[in-house]
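Data block below; observations after.
In what follows, chains carry the letters A, B, and so on, assigned in the order in which the sequence lines appear, proteins first and then strands, with residues in each chain numbered from 1.
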Amino acid sequence: DVKVTQSSRYLVKRTGEKVFLECVQDMDHENMFWYRQDPGLGLRLIYFSYDVKMKEKGDIPEGYSVSREKKERFSLILESASTNQTSMYLCASSLPTAVNNEQFFGPGTRLTVL
Amino acid sequence: AQSVSQHNHHVILSEAASLELGCNYSYGGTVNLFWYVQYPGQHLQLLLKYFSGDPLVKGIKGFEAEFIKSKFSFNLRKPSVQWSDTAEYFCAVMRQTGANNLFFGTGTRLTVIP
């Protein structure tokens, strides 16, 4: 079974703090993704990565950055957390094929910025 | 721009009622289509997917979905819901060319009353 793990289920930070969210997958997937999930808005893609050290902006990259130093690990960084970044953050991974491609999700990190 | 519409935001049904959740997308090319489910307190998991072939796709737990290309739709159905189907349901679309990104709808919350 594919397993995607996220470092924290719940996180509380203060405005202006630097926040790291970690995601690890154990299936040697090339693709990794970070989403945020907000009520009434569904999931929105923040950043994704097709390979080590590669990253692409998603739909809402502002205020975020990412790091992919190893294939199995994809980190989301909030350089200076703000209250509007309070959300549920979901990590996902997938194989690189365009067809028959399913994303596997982690349990999510619920981040509260005070 | 790619968009996915789920017109039902919250659906309330009694057990044994039939379910149909609508999903429409805007992209005109070849797509892969997905329905994901998120049970309360759990992570997002795949319910069913369509890549090619028979447009009627069967998934887990008695769910099915029909891809109607002319209507750009991929509606989810279940003939008889159970209390355990209470969850949030997300439709997602991936283009078969270009980036392997999923575009999600805003989700439909299903409440099944025993």
From CG (A:Leu43) to OG1 (B:Thr106), nearest 0.5 Å | 11.0 Å

Rounded to the nearest 0.5 Å, the NE2 atom of B:His43 sits from the SG atom of A:Cys91 at a distance of 12.0 Å

Is it the backbone or the side chain of B:Gln6 that comes under 4.5 Å from a heavy atom of chain A, or both, or neither?
-> neither

Which bit of A:Glu56 comes within less than 4.5 Å of chain B, counting heavy atoms only: side chain, backbone, both or neither?
-> neither

Drop me the distance from B:Leu44's CG to A:Gln103's CD, to the nearest 0.5 angstrom.
-> 9.5 Å

Is it the case that more than 12 heavy atoms not belonging to B:Arg77 sit under 6.0 Å from its CZ atom?
-> yes

So what's closer than 4.5 Å to chain A heavy atoms on B:Tyr36: side chain, backbone, both or neither?
-> side chain

If Ile, Leu, Val, Met, Phe, Trp and Tyr residues are connected whenever their side-chain heavy atoms lie under 4.5 Å apart, and connections chain through other members, are A:Phe105 and A:Trp34 in the same group?
-> no

Linking I/L/V/M/F/W/Y whenever any side-chain heavy atoms sit under 4.5 Å apart, do A:Phe74 and A:Leu95 land together?
-> no

Are A:Tyr50 and A:Val66 co-members of a hydrophobic cluster defined by side-chain heavy atoms under 4.5 Å apart?
-> no

Are B:Leu110 and B:Ile113 in one and the same hydrophobic cluster, where Ile, Leu, Val, Met, Phe, Trp and Tyr link if side-chain heavy atoms are under 4.5 Å apart?
-> no

In terms of hydrophobic clustering (I, L, V, M, F, W, Y; side-chain heavy atoms under 4.5 Å; direct or indirect links), are A:Val24 and A:Val4 co-clustered?
-> no

Gap between atom CZ of B:Phe104 and atom CZ of A:Arg44 - 0.5 Å precision = 13.0 Å

Working for side-chain contact (heavy atoms from CB on, under 4.5 Å), residues B:Leu46 and A:Phe104 = CA-CA 8 Å; B:Leu46 185 69; A:Phe104 296 86; over 6 Å; no

Contact part of A:Leu41 toward chain B, heavy-atom cut-off under 4.5 Å: side chain, backbone, both or neither?
-> backbone

Considering only heavy atoms, which portion of A:Arg9 lies under 4.5 Å from any heavy atom of chain B: side chain, backbone, both, or neither?
-> side chain

Can you tell me how far CZ of B:Phe103 sits from CG of A:Leu45, rounded to the nearest 0.5 angstrom?
-> 8.0 Å

Heavy atoms of other groups near B:Arg109 CZ, more than 12 under 6.0 Å | no

